[in-house]
Amino acid sequence: MVDNLPAAIAIVAMALVTLLTRLAGPWLMRHVPATPRVEAFLEAMSTSVIAGLIVTTLLHSGLREGGAVLAAMAVMWLTRSAVAAMATGILTAAIWSAVAG
Amino acid sequence: MVSNSAIRKTTPKARFTLIGVRRGMLRLMPVAIFVIPFGIGFGAAAVQTGVSTTQASVMSGLVFAGASQFAVLDLWQSPLPLFSLTLVTLAVNARHIIMGAALSGWINQLSPWQRALALVTLSDANFADTQTSLRSGDPEIGYLLGGGLMLWMAWTTGTILGATIGSLAGNLDQWGVDVVMPAFFAAVVCGDLRQGARILPVITAVAVALLTVDLLPAGWNIIAAAVSGGLVGAVQHGR
């Protein structure tokens with residue numbers, strides 16, 4: 001067990017660094033002119049960062065998670081409902097776990 | 001002044017209202033419900049690593065960034081390696097900088113204090129939700145804070161539960177709760193594409209994330225993916 005004082009210092013350091021990452025983006029962009037091309041960059045980047053997150057999560061998992069995400073995408077494409085897509089993903093993964101153990 | 005009028009033309013006037021915050025909370029409720037088991041998982045893992053119940057709960061309340069909190073558990077030993085711990089936190093959370101930059105056109109219209117308040121709970125899920133609505137022409141920043149508060153409550157509550165009675169919960173993954181986040185993000189990407197986002201940046205991002213995951217320190221492959229996708233989008237612009 002780590003003592004409370006060093007633990008508190010570590011937690012505060014983590015919190016400050018994380019807060020910094022949250023505030024930094026818009027602050028940095030104040031120094032970049034908002035040309036249409038910069039906006040195209042930011043717009044493509046905002047979908048891309050989410051795509052990168054999905055890929056990285058799925059790399060650390062398996063067929064079950066991949067299947068669940070594909071099912072969720074299909075339902076989103078058909079219904080445009082994120083809640084329906086998530087429910088489908090959960091259901092797919094739960095059934096997979098029940099059947100495959 | 002030229003750049004100023006360009007902002008006006010492409011970015012509608014941002015709003016930051018209490019109604020928006022409340023609606024943001026409701027919008028992310030279905031996601032937040034499933035963040036509770038994630039929190040339970042973190043709380044239980046933290047206690048197993050030797051983090052006390054109080055330390056784990058305070059960490060979730062103040063840091064509120066799950067991936068980095070799981071990452072530092074690997075480093076949690078006496079004496080604490082403060083420097084590596086801070087560096088790992090920075091690396092895993094650096095994607096917030098990208099997300100903040102992506103929202104800057106709207107966020108930077110607010111006063112400095114409103115800006116800080118809007119960003120204090122910025123995380124993956126409320127970013128994903130808010131960028132969709134901003135892009136579709138609803139310039140409400142309150143969704144970001146509201147959604148973030150909802151996620152924060154779920155994450156902190158889950159951590160406290162997990163750190164106190166985590167051993168009783170058993171393995172929640174068999175119910176499929178572990179796929180909620182990737183499923184939600186996949187739905188958001190799908191929605192963006194249906195709204196007219198170009199596919200080439202997304203394909204580029206996927207490829208770069210895959211190719212760099214083993215080459216870069218944890219977390220940086222997502223940033224490489226985001227920036228590459230953004231660059232492809234910038235090159236494509238006007239074609």
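Note: hydrogens, waters and symmetry copies are ignored here, and every other heavy atom, side chains too, is used. Reminder, nothing fancy here: chain letters follow the sequence lines and each chain counts from 1. Bear in mind the structure is a predicted one, so any value in this text is a computation, not a measurement.
Options B:Ser228, B:Ala207, B:Ala225, B:Ala102 differ in how many heavy-atom pairs under 4.5 Å they form with chain A, and the most are formed by B:Ala102. The greatest number of non-hydrogen atom pairs below 4.5 Å with chain B, out of A:Ile50, A:Val17, A:Thr92, A:Leu16, is found for A:Ile50. Ranked by heavy-atom pairs shorter than 4.5 Å toward chain B, the options A:Ala71, A:Ala44, A:Pro26, A:Gly25 are led by A:Pro26. Between chain A and the options B:Thr132, B:Leu200, B:Val232, B:Leu231, heavy-atom pairs under 4.5 Å are most frequent for B:Leu231. When the candidates B:Leu103, B:Asn221, B:Thr54 are compared by the number of heavy-atom contacts under 4.5 Å with chain A, B:Asn221 comes out ahead. Contacts with chain A were tallied for B:Val213, B:Val120, B:Val188; B:Val120 has the most, counting heavy-atom pairs under 4.5 Å. Of the listed residues (B:Leu193, B:Ile223, B:Asp124), the greatest number of heavy-atom pairs within a distance under 4.5 Å of chain A belongs to B:Asp124. Of the listed residues B:Ile203, B:Leu85, B:Val180, B:Ile222, the one with more heavy-atom pairs under 4.5 angstrom with chain A than any other is B:Ile222. Taking A:Thr56, A:Thr57, A:Leu58 one by one and counting their heavy-atom pairs under 4.5 Å with chain B, the maximum is reached by A:Thr56.
Remark: of the listed residues B:Gln195, B:Arg135, B:Arg198, B:Arg135 is the sole one forming a side chain to side chain donor-acceptor pair (under 3.5 Å) with A:Thr47.
In this structure, A:Arg64 pairs ionically with B:Asp178, as a charged nitrogen and a carboxylate oxygen lie closer than 4.0 Å.
Closest heavy-atom contact between B:Asn126 and B:Thr121: ND2-O, 3.1 Å. Closest of all the heavy-atom pairs between B:Gly230 and A:Ser48 is N-OG, 4.1 Å. Here the shortest heavy-atom pairing between A:Met76 and A:Ala82 reads SD-N, 3.7 Å. Smallest separation of non-hydrogen atoms from A:Pro33 and A:Val38: O-CG2, 3.5 Å. Across all non-hydrogen atoms, the minimal contact from B:Ala65 to A:Thr18 is CB-CG2, 4.0 Å.
Considering only heavy atoms from C-beta on, B:Thr156 stays 4.5 Å or farther from B:Ser57 through its side chain.
In this structure, the portion of A:Leu59 lying under 4.5 Å from any heavy atom of chain B is its side chain and not its backbone. If you measure heavy-atom distances from B:Met99 to chain A, the contacts under 4.5 Å come from the side chain alone. The parts of A:Leu53 that come within reach of chain B are both its backbone and its side chain, each placing non-hydrogen atoms under 4.5 angstrom from that chain. Heavy-atom distances place both the backbone and the side chain of A:Val49 under 4.5 Å from chain B. Using a 4.5 Å cut-off between heavy atoms, A:Arg80 touches chain B through its side chain atoms alone. Of the atoms belonging to A:Ala51, heavy atoms from both backbone and side chain fall under 4.5 Å from chain B.
Judged by distance alone, the side chain of A:His31 and the main-chain N or O of A:Leu28 form no donor-acceptor pair under 3.5 Å.
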